[in-house]
Amino acid sequence: MVSGETTAYVPQVIEPKWQAIWEERRQYAASERSDKQKFYLLEMLPYPSGDLHVGHARNYTLGDVVARFQRMRGYNVLHPMGWDAFGLPAEVAAIARGLHPREWTDANIANMRSQIRKLGTSYDWSREINSSAPEYYRWTQWLFLLMHRKGLAYKAQAWLNWCPLEQTILANEQAEGGVCWRCGSVVERRLLNQWFLKITDYADKLLEGLDALDEWPERVKTMQRNWIGRSAGVACSFPVEGLDANIEVFTTRIDTIFGVTYLALAPEHPLVERLVDGSAQAAPVRAFVSALKDKSELERASLRKEGVFTGRLARNPFGGQPVPIWITNYVLVEYGTGAVMGVPAHDERDFEFARDAALPMKPVIVPASGDANTSPAPVSRKGLPETAFCDDGILTNSGAFSGMSSAQAREAMRSKLEQLGAGRSSVKYKLRDWLVSRERYWGAPIPMVLCPNDGYVPVPEEQLPVLLPDQAPISGTQGSPLAHVPEFMHTTCPKCGGPATREAETLDTFMCSSWYYLRYLSPRDDGVPWDLREAERWAPVDHYIGGIEHAVLHLMYARFFYKVLNEERLVPGDEPFMRLFNQGMVLGENHEKMSKSRGNTIAIDDAVATYGADALRLFEMFAGPPGSDFPWSTTGISGATRTLKRIWRLVLAHALDLAAGSSTVRANGKRLSAPEAALRHSVHTKIKKIGEEIAGRMHLNTCVADLMTLLNDIEAFVAASPQEPPDAAAAGASSPVLEEALETLLLLLAPFAPHITEELWQRTGHSRSIHEERWPAYDERWLKQDLVSIVIQVNGIRRGAIEMPHAADEESIFVAAATVPTVKAQLQGKQVRKRVYVKDRLLNIVVS
RNA sequence: GCCGAAGUGGCGGAACUGGCAGACGCACGCGACUCAAAAUCGCGCGAGGUCACCCCUCAUGUGGGUUCGAUUCCCACCUUCGGCACCA
C-alpha cells in the first residue's frame with residue numbers, strides 16, 4: 001500500500017494489527033543459529049499479582065527500546081519474559097476468595113501477559129516460563145539436591161524471623177530492619193528446625209565479585225557489601241573461674257583488651273545456665289532472660305541497655321585480672337560468638353551500658369600526639385570519661401604493649417594470644433545462612449524424605465518432580481498444608497525402601513528466581529535444566545533491568561547460585577548479570593507513590609486504549625531519565641500524541657517521493673544548499689547522539705528530545721523550501737536530503753514507537769519490517785558544519801556571538817569579534833590582558 | 001546518628017569531559033483558520049531595568065573559595081529523598 005493520501009492516525013487500529021503480524025511472523029524469536037554477536041537483555045521476572053500499571057509499562061518499554069535498538073544494530077538479541085508464579089499472595093487470595101492458588105495465578109498471568117503484549121513489547125514468547133509449572137519447579141528441586149550433594153543444604157534449629165501477619169518464617173534478607181519485606185509487620189523470633197543454604201560459605205566470593213561488577217550501580221554494591229558485613233578481628237577466650245569453661249568473644253579492637261571491665265553475654269548464650277545454676281544469681285538471671293525471650297530484634301534495639309550480673313568472674317588472658325560476667329540485652333546471639341568484651345572507655349555501646357550499670361571504665365588508648373583529628377574524651381568532675389574514645393591511638397596502661405599504636409598492638413596481641421592458645425584471627429559476617437524452607441502450600445516441595453532408619457534422604461533425581469498435590473488444606477495457621485495430605489506425605493525411603501515421610505515444607509520462591517535466567521536458554525528441555533551449549537552461547541545476562549528493592553534479595557541469591565553453578569561447570573563465568581540498571585518509579589500526578597491502596601493507579605490497558613501504546617511509550621521514555629522517578633501527566637502524554645500525529649502527517653505527505661526510491665541515489669555529488677547541509681548535519685548528529693545514549697548512559701529522555709528536534713528541523717526545512725509545483729505528486733520531486741531525513745527519523749524512532757514507524761515504513765514503500773532494518777550509520781563529514789557560531793565573552797560574560805568558518809584561527813576571530821558593537825563597547829578604553837580560545841566554541845577576552 | 005543521592009523557570013526536565021544556563025515537552029498568553037468549538041498552524045514565554053530598539057543587571061538551595069570562565073570542582077551550611085542503624 002503506497003499512497004500519498006493522508007489518512008488519520010488511529011493507534012487503536014494499527015497497533016493491534018502489527019502486534020498480530022509480528023506474532024505470526026515470530027519476528028522477535030532469538031535465533032538459535034546465528035553468527036551474530038549475542039545480546040541477552042532481561043527484565044526482572046514479575047510476580048503475577050494482577051494488574052499492571054503505567055509504572056510497569058515504563059520498565060518494560062525501557063527494556064524493549066534497548067532490545068529493538070540492539071537488534072537493529074545487528075545483535076542476536078535474547079529478550080524473554082516469564083512469571084515468578086509461586087508465592088504467598090496466591091494463598092492469601094485462596095483463603096480470602098476461595099480460589100485455588102493456581103486458578104488465581106493463571107488468571108493473573110493471562111491478564112498481565114495481554115497487558116504487556118498490548119505495549120508492543122518484542123519478547124520472545126516462545127520461551128515464556130512459569131515457575132509454578134512442574135516442568136519448571138522440577139529443576140528448582142534439582143538445584144536444591146545439587147546444593148545438598150555439595151553439602152550446602154542442611155537442616156538445623158535456629159532463631160528465625162516469623163511474620164505474625166503472613167504466618168510464615170522469613171530469611172534474614174526478607175526481614176531487613178526487623179520488618180517483613182512484603183507486609184511491613186514487625187517480625188518475631190522463633191526457634192525452629194528448618195532448611196538452610198550455606199550462602200555464608202560464599203561470603204568472601206560474593207564480596208570480591210562485586211569489585212569486578214563495574215557496570216552495577218555503586219549503591220547496590222554498597223548495600224550488598226553492608227549486608228555481607230565482613231569484619232576481620234580476633235576471637236579470644238576468657239577462662240571462667242571455678243568452672244571448666246571458656247567464654248569466647250569476637251572483637252575488632254583487641255588493642256583495647258586491657259580496658260575490659262566486664263564480659264557481656266547474649267541472653268541466649270549457651271553457657272548462661274551453667275554459669276548460674278545453683279547460685280543465688282540463678283533466679284534474677286533467669287527472670288531477665290525470660291523477659292527478653294519473646295522480644296523482637298527491633299524491640300530490643302529500642303530498649304535501654306540493661307543487664308544482670310551472673311556472680312561469675314572470668315580472667316583476662318592478658319594480665320589475668322578478674323572480669324565480672326554479665327548477661328545483657330544488647331548483645332546479639334546470632335552474631336559473632338554471642339559474647340563481647342566490655343570496654344566502656346572505647347566503645348559507644350559498652351560506654352552507655354557501663355555508665356548506667358555503674359561499672360568501672362578504664363581508658364587504655366590515648367590519641368596519638370600530632371593527630372589533629374582526634375582529641376581525648378572529655379572527663380567529668382568525678383574523673384570519669386564523658387564519652388567513649390573510639391578512634392585508634394596509642395596504648396597506655398596496657399603492660400608490655402603500652403606505647404604501641406593501635407595497629408601495632410592488634411598485630412602483637414594477636415600473635416601473643418596464638419602463643420598462649422587463647423585466641424586467633426577470625427573473620428565474621430553479618431550475612432547468615434539462607435533459610436529456604438517455608439511452611440506454606442504454594443511453592444516447590446522440598447525433595448527430601450525422612451526415613452526412621454536413614455534420616456533425611458534426598459529424592460533421586462529421576463523421581464523429580466516431587467509434585468505439589470492439587471489439594472491441601474490452606475488455612476494459613478496450621479503449619480505446613482502438605483503435612484495434612486497423607487497421600488503426599490506417605491512414601492518409601494529411596495535408600496532402604498521402608499516406609500518414610502516426605503518433607504512437608506516448600507521452597508522459598510527466591511530459589512525459583514535465582515536461576516530462571518538460565519531456564520530461558522532451553523525452556524522446553526526436559527532432560528536438563530539448561531543446555532550447556534546454550535549457556536555458553538548466551539550467559540551471562542548482558543543487561544539486567546529491575547527495581548532497587550532487590551538489591552540484597554534476589555540479586556544476592558542469584559549471584560550465590562551462579563557461583564555454585566560455576567564451580568559445577570554448569571555456567572560460564574561467575575557472575576550472572578554484567579550490567580544492572582535500576583529504573584525509577586512513575587508517581588501519581590500529585591507526586592505520590594502509585595499504588596492500589598491509594599487508588600491512583602493507571603492500568604496499562606486503559607492507557608493503551610486511550611492514548612495508544614506508542615504515545616504511552618514515547619511519553620514514558622521522554623518524561624525523565626529512566627533511573628529517576630517522574631509524575632504521571634495526562635497533558636504530558638498529549639504532547640507525545642501530538643508529536644506522533646505530526647510525524648504521521650509529515651511522512652505521509654512525502655510518501656510518494658519516498659516510495660519512488662530516490663534514496664538509493666541520494667549520496668550524489670551534487671553540492672547541497674545551505675538548508676540541505678544544515679538538515680543533513682542535524683540528521684547525522686542525531687544518529688550519533690541517540691545511538692550512543694541508548695548503548696551508554698541510557699538517558700532515553702534526551703533521545704526523544706533529539707527526535708523531536710529532528711522533527712522540528714525537518715518541518716522547518718519543508719516550510720522554507722520553495723513551493724513544490726502542482727504536479728509534485730510526481731515521484732522524486734523532493735530533495736534526497738529530505739528523504740534521508742524522513743527515513744532516518746522513522747528508523748531512529750522505531751525502538752520507541754514500534755507500531756507507527758512500522759506502518760509508515762510500509763506505507764512509504766518498504767517491504768521489510770522496519771524492525772529488521774539496520775540502525776543508520778552517521779557520516780563524520782556531516783557532524784561538522786562549515787560555519788560555526790563562536791561565543792564572544794569579555795571577562796567571562798557573554799557579549800555576543802559571531803559566525804566563522806570551521807577551524808578559523810584565533811587571531812581572525814579576535815579581529816572579527818572586536819568589531820561587534822556590544823563587544824567593542826566593553827573593550828573601550830580597556831587593556832586586553834589575555835585571550836582564552838576554545839576551538840569552534842568560544843573566545844574569552846580578558847581586559848583590565 | 002552513620003552512609004549515599006539530589007536541590008535548575010509555573011511544571012517534567014536539558015546542559016555527558018569547567019566554556020552561550022533553561023534544549024525538548026507541558027501549561028499559559030496572543031494571533032491565524034472556523035458561524036463556533038475541537039483539532040491544527042504561527043508568535044511569545046526565568047526575574048527586573050529600559051521598554052521604539054538594541055541592550056544592561058540579577059539568576060542553577062544558602063554562604064565562601066579555586067578559575068579568564070562554575071549548574072559542573074573544593075569547603076561549610078540548609079532542605080528533600082533513599083539506604084543502614086546495637087553486627088562488637
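So you know, we letter chains A, B, ... as the sequences are listed, proteins then strands, and number each from 1. Bear in mind that the values here come from a model prediction, so they are computed numbers and not experimental data.
- When the P atom is used for both rC78(B) and rC30(B), the distance is 46 Å, rounded to whole Å.
- When Watson-Crick and G-U wobble pairs are counted only if both distances are under 3.5 Å, rC16(B) pairs with no nucleotide at all.
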Subject >> Annotated protein contacts, base or backbone, on nucleotides 45-60 of chain B with a non-hydrogen cut-off under 4.0 Å, one of B, S, - each >> reply: ----------SSS---

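- Here A301(A) lies in heavy-atom contact (under 4.0 Å) with a base.
- Nucleotide rG25(B) is shown with an anti base, its glycosidic torsion being more than 90° from 0.
- When both distances must be under 3.5 Å, the Watson-Crick or G-U wobble mate of rU72(B) does not exist.
- In this model, a side-chain donor or acceptor of Q793(A) finds a partner on the base of rG19(B) within 3.5 Å.
- Using a 4.0 Å heavy-atom distance criterion, R835(A) is classed as making no nucleic acid contact.
- The separation of rC45(B) from rG9(B), taken at their C1' atoms, amounts to 10 Å, rounded to a whole angstrom.
- rG22(B) and rG61(B) are spaced 16 Å apart, taking the P atom of each and rounding to whole Å.
- Straight-line distance between the C1' atoms of rC2(B) and rU17(B): roughly 33 Å, to the nearest whole Å.
- Smallest separation of non-hydrogen atoms from C703(A) and I694(A): SG-CG1, 4.0 Å.
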